[in-house]
Amino acid sequence: MEVAVLPPFVARLVRLSLLAGAVFQAGSGIRFSVLLEAREYASAEQSQSNARQLLDLYAERRFDEAITLLNGVRDFPQLSAEIVAAAAGAAPELPAALLLEVANGAFAANKTNDGDALIEAACVYARKLPKLTEFSLQWEMAALALLVADTDLSLPIRDKSALLKHLDHSRDRLPPGFEQLSLAIRQEQRAAAFLYSDSPGLTPQARSVNDYADKRFQQGKQTVVEAYRMMVAAHKFESVRGEAALRLAFLSLATDRTDEVSRWADEAMQTAHDAGSRYLIHLFRGRALQARGRSDEARADYKSASELVPTQTAFVALASTEFLAGSPEAADSIIRSLQRTPGIVRDPWSLYFSGAYREWPALVEALRKGLR
Amino acid sequence: MKHWLIAVGLVSVSICQPEPPQTFRATSHAVTLDVSVLDRDRPVVGLQSSDFQVLDNGVEQTALQVSRETLPLDVSLLLDISGSVRLRAGNGLARALVAVRPLLPPSDRVELWPFSVALYDARGDGFGLPWSWAAARYGGFQPDRGTALFDATLAAALRQPAAGFRRMLIVFSDNQDQASFLPRTVRRSILARLDTVVQVAAYSYFTAAASGGPTGGRAFGDSDLLYELADLTGGFVFPLDTTSDPAALVKKSLDEFRSRYVVRYESAAPKSGWHEVRVRVRGKNYDIKARQGYEVR
C-alpha cells in the first residue's frame, strides 16, 4: 500500500504502534511513507503543544520555565508561526519576554540561528497588542537597547532586518544622546554577569582558584571599566544626563571608585522624580558609604530606600548595618518587618540591568508609532 | 544575643555614654563553639573535654567544658524555587521534604522559606511559612526572574534564634545568583559573626552529577562562595544531583547537627577585634568543623 498522506487519526495510530514497539512488515510498501507522516504529525503536534505551553508560561510570568522550554524546542520556525498566529490576549507580555531572552543572550546562547526568527515573531505579535502591560514597559526597554545597539556584532542574530526596519521608523523620535546611553547600558548589561553576583570563579582569593577564575575575573573588570567610560560619554548629553548619572553611581561602585558615588548620586537625585530611581540612588550611595566605614550614613540611605520601596534588598542592607554595628536585635526587628510586608514588591534593583526603564514609556510610544 | 548558642557572651562591665553609643570594657568572654567531629563522615562519639584542644588567636585554652546539647532546633529551610533548580529537582522537591517533618520531634521548629529573586511571599502576609502549609503549596509558587541566593540567606540568617533553640539554616540551591545586592565583603562579615549554622545542599550548576559528602571532596570546583556560606558558620556543603533524595539529605544534615559537641570556655581579658579559633582533637586526624572565630567589641 502506497500512502502519500495519511489521515491524522491513522497517523496517530501508526505512531502509537511505533511507540508501542509494533513490528512492520518489510517490503509492504507503507513503511517509509508512514514513518515520514507519523514523524511530521508528531512534530506538528509537539510544536503546537510547545507554543501553547510557552504562551501559558509567559502569561503566567513563569519566565525561567519558559526559557527552559524555548531552549528545548527543535522545530523553531513552526513555533514562531504558532506565536504569530496566537491571539493578542493569549500572552500580552510575550513580545517583551521574547525580546528579552535574545537581549540577555539566554536564548541565543543555546541556539545558533533562531534569534532573528524569535525577534521577528515578537515584533509581529507586538503589533497586535492594543496596550502594553507594565511588565512590557519595563522589560521591552532591554529590547529597545538592543535595537539601538545594532552595531553589536557579537549578538548571534543572523538577520537583523526586522529589528532595523522598526528602528528606522523610530530612531528619529529618540531623544539626543539616547543612542549613546543605550550603547553604554548595553555594555553595562554585558558586564552584569560579573557585577551583580559573585559568580563562581570570580573570587580572586578562591581556594581552588585556577587560570579560568583569574581570567574571568580580569575579563569582568575590563568590561566594567569600559561600561564606565561609555557612560561618562553618554553623560555629556543633557537629555539623558539623569539616567547616566544614576548609572555612573553604580559603575563607580563597581570600579572601586567609592569616593565618586556620592557625587553622581547627588546629581542623579536632582532629576529623579520616581520612587524607583530614588530608591536605587539611596542603595548605591548606602553601599559606598558602608564600604568606606560610614555606617550611620549608610544606614540612613538604606532606611530611605526601604521606605521608598520596601524590598528585601533594602531591608537586608539596612539590617546588615545594624548587625555589624553590634545590634543583632535591631537587625532581627528589621527582618521581621520585612516578613510582615504584605505582597510582592517589584524590586527596581532586580530590573536595573534591563535598561533605562524609567525612560521607557516615551520611548516605547515612539517605537510603537514606528511599528504601525 | 540571648540564644544559648551565642558564640560570644559578654561577661563585662559596661560604661554607658550618651554619645558615642555604648562602649564596653570586656573583662572576660564566655565563648561557645558548636563543633562537628566526623570520622569518614560518621560522627565521633564519647569525646571528653581533655580530648579537645582549642586555640584562641593561637593561645591554647584550658578549662574547656564539653557537652552534647539536647535543646530543640529552630530550622529554616531556604528553598530556591527558581527555574534552574526546578529543572534539576522538579516540583517534587518540597513534597519530598514533607517526609522530613515526622522525623523531627514536635518541639523542633521548622519553617520553609522559598526564594528566587527574593524570599517568596506565598500568603501575602509574610514568609517563614509553616512547613506543612508551604510544602503542600510548593507547586504553586511562581519564581520571579533571577535568584538572590546570598541576600535571601542573609535575610534568614539575620533573624535571631528563638529563645531556647539552636538555630540552623539549610539552603537548597544550585549556586546561581544574579540578583543579590550586598557585596561579598559585607556578607563575609555577617556570616563570620552569626550564631547560626548554615548548611548548604546544592545542585551543581556545572556538572550533572555531584559527588562527595561533607568531607568527601569539593564537588563544585571553583564555586567557593557556596563553601564560604557554610565554612564561616561551621556548616557543611552537601552536593546533590538529580537522583538525590532531598528528604534523606535534610535528615542527614539534622543528624549531623544534633551529633555536635558544644565546647565552652572563658577567654580572660581578650583583645578587641577578630579572634580566630581553631579546634582539634588530640592525637586524631578527624574532620572538624566549627565557626572560624568571633569578634570582641
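Letters A, B, ... are given to chains in the order of the sequence lines, protein chains preceding strands, and every chain is numbered from 1. Owing to the predicted nature of the structure, the values given are computational and were not obtained by experimental measurement.
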Quick one: are B:Arg193 and A:Leu324 in side-chain contact, heavy atoms under 4.5 Å? yes
Between A:Gly326, A:Ala331, A:Gly286, A:Ser333, which has the largest tally of heavy atom pairs under 4.5 Å with chain B? A:Gly326
Indicate yes or no: at least one non-hydrogen side-chain atom of B:Leu182 is less than 4.5 angstrom from one of A:Gln290. yes
Within the 4.5 Å heavy-atom criterion, are B:Gln160 and A:Glu329 side-chain neighbours or not? no
Toward chain B, the part of A:Ala291 with a non-hydrogen atom under 4.5 Å: neither
When rounded to the nearest 0.5 angstrom, what distance separates CG in B:Asp151 from CZ in A:Phe315? 14.0 Å
So, the part of A:Leu283 with a heavy atom under 4.5 Å from chain B: the answer is both
When the 4.5 angstrom heavy-atom criterion is applied to B:Ala152 and chain A, the contacting part is both
Using every non-hydrogen atom in the two residues, find where B:Leu158 and A:Ser320 come nearest and quote the distance to one decimal. CD1-N, 4.2 Å
Considering non-hydrogen atoms only, spot the tightest contact between B:Ala155 and A:Ile335 and give its length. O-CG2, 3.3 Å
Under 30°, 30 to 60°, or over 60°: which ring-plane class applies to A:Phe284 and B:Phe181, parallel, tilted or perpendicular? parallel
